[in-house]
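Data first, discussion second: the structure below is written as structure tokens.
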Amino acid sequence: MCDERAESTDDATNPIPIDPDAPNPRPLHLQVGALALVFVGGVAGTGLRYLIEELFPTVGTGWPWATFAVNIVGAFVLGALLEILALAGPDVGWRRNVRVCAGTGFCGAFTTYSTFALETTQLGHHGAPVTAVAYAVVSVLLGLVGAWVGIVVAGAALRRRGGEVS
């Protein structure tokens with residue numbers, strides 16, 4: 001059988017699949033409202049991360065506590081948020097808006113892979129290769145644990161509440 005989904009094209013070489021049941025047939029990344037939600041969440045996440053980095057600056061070749069903390073906390077928050085939204089129902093309406101603003105925008109800007117990578121590299125280049133490797137490994141492992149704990153905590157909290165999100 002062939003796929004008979006409707007398609008729209010920006011040009012003849014770049015077809016964009018359209019879901020005929022969706023209220024807005026444009027892909028999410030091309031919707032101005034979704035981009036605005038990412039922007040608003042991103043401004044808030046970036047601002048909070050900046051504040052934390054300023055309050056707890058890394059000194060010399062010490063452990064980059066601010067970046068480490070925001071990445072672990074951000075993984076936890078994103079795990080919890082996505083679990084709540086997944087249990088709340090399909091990714092449409094307010095759930096999609098919250099996911100895009102708080103998940104993609106806020107958590108995406110609050111957490112920072114680029115600073116993590118830069119700090120890891122600088123630790124190695126400035127004579128602390130063991131700290132660099134430990135920082136990289138512990139950050140990734142605790143990030144995974146943080147996301148998992150966020151999922152577990154949110155799921156348990158919702159079950160205690162009766163499993164409904166309104």
Side-chain angles (χ1 to χ4, degrees), residues 17-19 21-59 62-123 131-166:
I18 291 181
D19 178 357
D21 299 326
N24 187 345
R26 295 185 64 80
L28 192 59
H29 70 281
L30 297 178
Q31 295 176 25
V32 175
L35 295 175
L37 288 171
V38 171
F39 178 78
V40 167
V43 167
T46 300
L48 183 56
R49 177 171 41 89
Y50 176 79
L51 178 64
I52 292 169
E53 295 278 354
E54 287 295 309
L55 290 172
F56 304 100
T58 301
V59 179
W63 193 272
W65 286 107
T67 304
F68 180 74
V70 299
N71 285 340
I72 305 310
V73 169
F76 172 86
V77 169
L78 186 60
L81 173 71
L82 295 180
E83 179 70 1
I84 290 166
L85 293 174
L87 294 174
D91 186 39
V92 295
W94 70 269
R95 289 178 295 276
R96 178 176 287 169
N97 290 342
V98 169
R99 177 181 58 83
V100 168
C101 185
T104 304
F106 180 83
C107 288
F110 181 64
T111 60
T112 173
Y113 179 79
S114 59
T115 303
F116 161 69
L118 176 65
E119 289 170 341
T120 302
T121 302
Q122 287 180 333
L123 284 167
T131 303
V133 171
Y135 175 59
V137 170
V138 171
S139 291
V140 170
L141 291 177
L142 284 185
L144 290 169
V145 169
W148 176 76
V149 169
I151 291 167
V152 170
V153 167
L158 287 176
R159 279 190 293 284
R160 274 194 301 276
R161 232 188 98 187
E164 292 185 29
V165 177
S166 50

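If you read the sequence from its start, that first residue is 1, and numbering goes on from there. Only heavy atoms go into these numbers, but all of them, side chains included; no hydrogens, no water, no symmetry mates.
Phe110 places none of its side-chain heavy atoms less than 4.5 Å from the side chain of Val77. Side-chain contact between Trp94 and Leu85: present, with at least one pair of heavy atoms (C-beta onward) separated by less than 4.5 Å. You'll find the side chain of Arg96 reaches within 4.5 Å of the side chain of Leu28, heavy atoms only. Side-chain contact between Leu158 and Ile84: present, with at least one pair of heavy atoms (C-beta onward) separated by less than 4.5 Å.
The line from CD1 of Ile151 to CZ of Phe76 is 10.5 Å long, rounded to the nearest 0.5 Å. Separating the OH atom in Tyr50 from the CG atom in Leu55 is a distance of 10.0 Å, to the nearest 0.5 Å. To the nearest 0.5 Å, atoms CG (Leu48) and CD (Glu53) are separated by 10.5 Å. Note that CG of Leu142 and CD1 of Ile72 are 5.0 Å apart. Values are rounded to the nearest 0.5 Å. Atom OG1 in Thr67 sits 12.5 Å away from atom CZ in Phe56 (nearest 0.5 Å). Atom CH2 of residue Trp148 and atom CD of residue Glu83 lie 12.0 Å apart, to the nearest 0.5 angstrom.
The backbone N or O of Arg26 sits less than 3.5 Å from a side-chain atom of Gln31, completing a donor-acceptor pair. Between the side chain of Arg99 and the backbone N or O of Leu82 there is no donor-acceptor pair closer than 3.5 Å. In terms of modelled atom types and a separation under 3.5 Å, the side chain of Asn71 and the main chain of Thr112 share a donor-acceptor contact.
When the options Thr115, Val59, Leu123 are evaluated for a side chain to side chain contact (heavy atoms under 4.5 Å, CB included) with Pro64, the one that passes is Leu123.
Contact detail for Ala154 and Ala80: the closest heavy-atom pair is CB-O, 3.6 Å. Taking every heavy atom of both residues into account, Arg95 and Ala88 meet most closely at CD-CB, 3.5 Å. Residues Cys107 and Gly74 come closest through the heavy atom pair SG-O, 4.1 Å. Looking at every heavy atom in both residues, Leu78 comes nearest to Gly103 through CD1-CA, 3.7 Å. Between Gly42 and Ala109, the closest heavy-atom pair is O-CB, 3.3 Å.
Ring geometry for Phe68 versus Tyr135: interplanar angle of 30 to 60°, hence tilted.
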